[in-house]
K.L.:
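Here it is, the structure in full.
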Amino acid sequence: MAEYKTKVLIIGSGAAGYTAGIYAARANLEPIIVAGMQPGGQLTITTDIENFPGFPEPVGGGELMDRMREQAEHVGVKLISDTIAKVDFSKRPFVCYGDNGDKYIGETVIVATGASARWLGMESEKKFQGFGVSACATCDGFFYRNRKVCVIGGGNTAVEEAIYLTNFAEHVTLIHRRDELRAEKVMQERLFKNPKVTVIWDSVIDEVLGTEEPLGVTAVRLKNVKTGETSNLDVEGVFVAIGHKPNTDIFEGSLEMDDEKYLITAPDSTATNIEGIYAAGDVQDKKYRQAVTAAGTGCMAALEADRFLALHE
């Protein structure tokens with residue numbers, strides 16, 4: 001089993017992890033990134049990105065992550081294909097253990113493991129991900145100008161996304177399994193007053209329907225949970241807004257988390273409750289969840305790790 005030592009150990013390889021690596025490498029900290037189960041993070045399943053600065057033409061999520069990885073390696077980041085399975089943050093240097101038994105020792109650690117969208121779990125939903133099925137209205141809403149779309153969910157996220165999509169879509173249908181929403185009352189009022197929104201109650205998606213050539217969504221089959229009746233709703237976009245799950249299981253008992261298991265960081269900082277350990281990207285950001293904000297906090301984490309090391313050397 002191999003053992004790796006570094007001044008900055010970065011767990012995760014999305015926009016936050018790669019950016020942290022780039023900044024740490026340019027500070028001559030010789031960082032190591034342990035890529036995780038999904039190198040590149042959530043953006044690798046996103047088709048076209050039009051809102052990341054510096055790309056006048058749409059860029060594929062996978063391509064953007066490939067470029068970040070190449071840039072990180074070019075400036076000297078050591079990238080290792082492994083997944084951290086266990087951590088020991090009881091003292092410095094911090095020790096992490098990979099799936100294959102390798103040992104990673106970091107004088108500082110940047111956690112950038114991201115979050116995973118909660119999906120409905122249907123094969124047809126998975127089939128059309130990136131081709132009409134999305135978990136991010138802010139990322140993909142622009143592509144549905146003058147089209148009919150639906151949003152699944154009943155909480156704040158679902159209502160926010162439905163209202164946001166009215167800026168682009170011809171019409172938005174919110175589908176909820178219950179007969180009342182969980183979202184804040186003020187947001188509900190905004191939703192109900194919007195003439196471009198219809199709410200379908202007591203219903204779930206039974207199937208996502210679409211074409212094979214080209215691959216794309218054309219409708220959803222709805223099932224009423226009270227009567228069992230099914231019906232089709234013509235839409236070209238399906239936005240699943242039933243929440244996200246931060247990838248923080250291995251940090252339970254070590255790092256402070258909120259009720260939803262997002263890592264808690266100090267105000268205006270990426271510092272966690274343990275000195276020398278920082279959190280960046282969607283693992284600590286449940287509000288914005290954008291590639292550009294993840295990259296920004298990755299930069300912050302690297303700068304804070306550099307300052308910490310300078311004080312403690």
Side-chain angles (χ1 to χ4, degrees), residues 42-53 55-64 116-120 122-177 181 183 187-188 190-200 203-222 231-244 282 287-293:
Q42 291 187 85
L43 282 179
T44 57
I45 60 169
T46 303
T47 46
D48 288 339
I49 298 171
E50 287 192 330
N51 56 5
F52 197 88
F55 292 89
E57 299 295 326
V59 59
E63 182 187 349
L64 180 60
S116 303
R118 297 184 192 274
W119 297 99
L120 301 171
M122 298 181 298
E123 281 300 314
S124 58
E125 171 195 49
K126 188 174 181 180
K127 174 182 177 180
F128 290 105
Q129 278 180 23
F131 297 92
V133 173
S134 170
C136 181
T138 314
C139 310
D140 300 327
F142 185 75
F143 301 111
Y144 294 88
R145 285 167 294 183
N146 303 317
R147 299 184 183 186
K148 294 178 181 177
V149 301
C150 66
V151 176
I152 318 303
N156 283 344
T157 300
V159 172
E160 283 175 0
E161 301 227 327
I163 293 170
Y164 176 80
L165 286 165
T166 61
N167 294 317
F168 310 101
E170 176 187 327
H171 194 79
V172 179
T173 303
L174 183 70
I175 300 163
H176 187 41
R177 60 169 53 244
L181 300 175
M187 294 174 61
Q188 290 191 40
R190 286 182 60 203
L191 182 84
F192 297 143
K193 286 179 180 177
N194 195 307
K196 294 177 76 174
V197 176
T198 300
V199 181
I200 296 180
S203 297
V204 296
I205 287 190
D206 196 44
E207 197 80 40
V208 180
L209 308 173
T211 56
E212 295 290 336
E213 293 290 339
L215 192 62
V217 171
T218 56
V220 291
R221 184 165 67 233
L222 302 178
S231 60
N232 286 0
L233 175 70
D234 291 338
V235 292
E236 292 182 70
V238 180
F239 290 84
V240 181
I242 56 176
H244 284 73
D282 287 10
K287 184 175 182 180
Y288 299 106
R289 297 198 304 268
Q290 298 299 301
V292 69
T293 50

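Excluded from the calculations below are hydrogen atoms, water molecules and symmetry mates; all remaining heavy atoms, backbone and side chain alike, are included.
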K.L.:
Do Tyr144 and Leu165 touch side chain to side chain, with heavy atoms closer than 4.5 Å?
P.N.:
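With C-beta onward as the side chain, the pair stays apart.
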K.L.:
Any non-hydrogen side-chain atom of Ile205 less than 4.5 Å from a side-chain atom of Leu222?
P.N.:
yes
K.L.:
Could you check Phe128 against Leu215 for side chain to side chain contact (heavy atoms under 4.5 Å, CB included), going step by step and ending with a plain yes or no?
P.N.:
CA-CA 7 Å; Phe128 290 105; Leu215 192 62; 3.6 Å; yes
K.L.:
Measure the OG1-NZ distance between Thr198 and Lys148 for me, rounded to the nearest 0.5 Å.
P.N.:
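Spacing of OG1 (Thr198) from NZ (Lys148) equals 10.0 Å.
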K.L.:
For the residue pair Pro53 and Val292, what are the closest heavy atoms and their distance?
P.N.:
CD-CG2, 4.0 Å
K.L.:
Quick one: pull up NE2 in His171 and SG in Cys150 and give me the separation to the nearest 0.5 Å.
P.N.:
11.0 Å
K.L.:
Considering only heavy atoms from C-beta outward, does the side chain of Val204 approach that of Arg177 to under 4.5 Å?
P.N.:
yes
K.L.:
Report yes if the side chains of Asp282 and His244 come closer than 4.5 Å at any heavy-atom pair, otherwise no.
P.N.:
no
K.L.:
On a heavy-atom basis, which atom in Gly210 and which in Thr218 lie closest, and how many Å separate them?
P.N.:
CA-OG1, 3.4 Å
K.L.:
Heavy atoms, side chains only, cut-off 4.5 Å: are Leu181 and Leu191 in contact?
P.N.:
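Answer yes - side chains close enough.
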K.L.:
With a 6.0 Å cut-off (strictly less than), is the heavy-atom count around NZ of Lys196, excluding the residue itself, greater than 12?
P.N.:
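Counting other residues, nucleotides and ligands, NZ of Lys196 exceeds 12 neighbours.
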K.L.:
Less than 4.5 Å apart, side chain to side chain, heavy atoms only: is that true for Asn232 and Arg221?
P.N.:
yes
K.L.:
Roughly how far apart are Phe239 CZ and Thr157 OG1, rounded to 0.5 Å?
P.N.:
14.0 Å
K.L.:
To the nearest 0.5 Å, how far apart are CD1 in Ile163 and CD in Gln188?
P.N.:
10.0 Å
K.L.:
Applying side chain to side chain contact (heavy atoms under 4.5 Å, CB included) to Phe55 and Ile49, what does each step give before you reach the verdict?
P.N.:
CA-CA 9 Å; Phe55 292 89; Ile49 298 171; over 6 Å; no
K.L.:
Work out which heavy atom in Asp140 is nearest to a heavy atom in Ser134; give both atom names and the distance.
P.N.:
OD2-OG, 2.7 Å
K.L.:
Heavy atoms, side chains only, cut-off 4.5 Å: are Asn194 and Val172 in contact?
P.N.:
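Asn194 does not reach Val172 side chain to side chain.
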K.L.:
So which of Ile152, Ile242, Val133 actually passes side-chain contact (heavy atoms from CB on, under 4.5 Å) with Trp119?
P.N.:
Val133
K.L.:
If we ignore hydrogens and angles and just use 3.5 Å, is the side chain of Glu125 paired with the main-chain N or O of Val208 as donor and acceptor?
P.N.:
no
K.L.:
Heavy atoms, side chains only, cut-off 4.5 Å: are Val240 and Leu120 in contact?
P.N.:
yes
K.L.:
Could you pull out the closest heavy-atom pair between Cys139 and Asn51, with the gap in Å?
P.N.:
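Smallest heavy-atom distance, with atoms named: CA-ND2, 4.3 Å.
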K.L.:
Which heavy atom of Ala158 sits nearest to which heavy atom of Val151, and what is that distance?
P.N.:
O-CG1, 3.6 Å
K.L.:
Rounded to the nearest 0.5 Å, what separates atom NZ in Lys127 from atom CD in Glu207?
P.N.:
9.0 Å
K.L.:
Check this for me: Arg190, atom CZ, are more than 12 non-hydrogen atoms of other residues, nucleotides or ligands nearer than 6.0 Å?
P.N.:
no
K.L.:
Which heavy atom of Asp234 sits nearest to which heavy atom of Ala219, and what is that distance?
P.N.:
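Nearest heavy atoms, Asp234 then Ala219: OD1-CB, 3.8 Å.
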K.L.:
Hey, is OH on Tyr288 packed in by over 12 heavy atoms from elsewhere, all under 6.0 Å?
P.N.:
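Not buried by this count: 12 neighbours or fewer within 6.0 Å.
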K.L.:
Tell me whether Glu161 contacts the main-chain N or O of Ala137 through its side chain, where contact means a donor paired with an acceptor under 3.5 Å.
P.N.:
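Pair found, side chain donor or acceptor close to backbone of Ala137.
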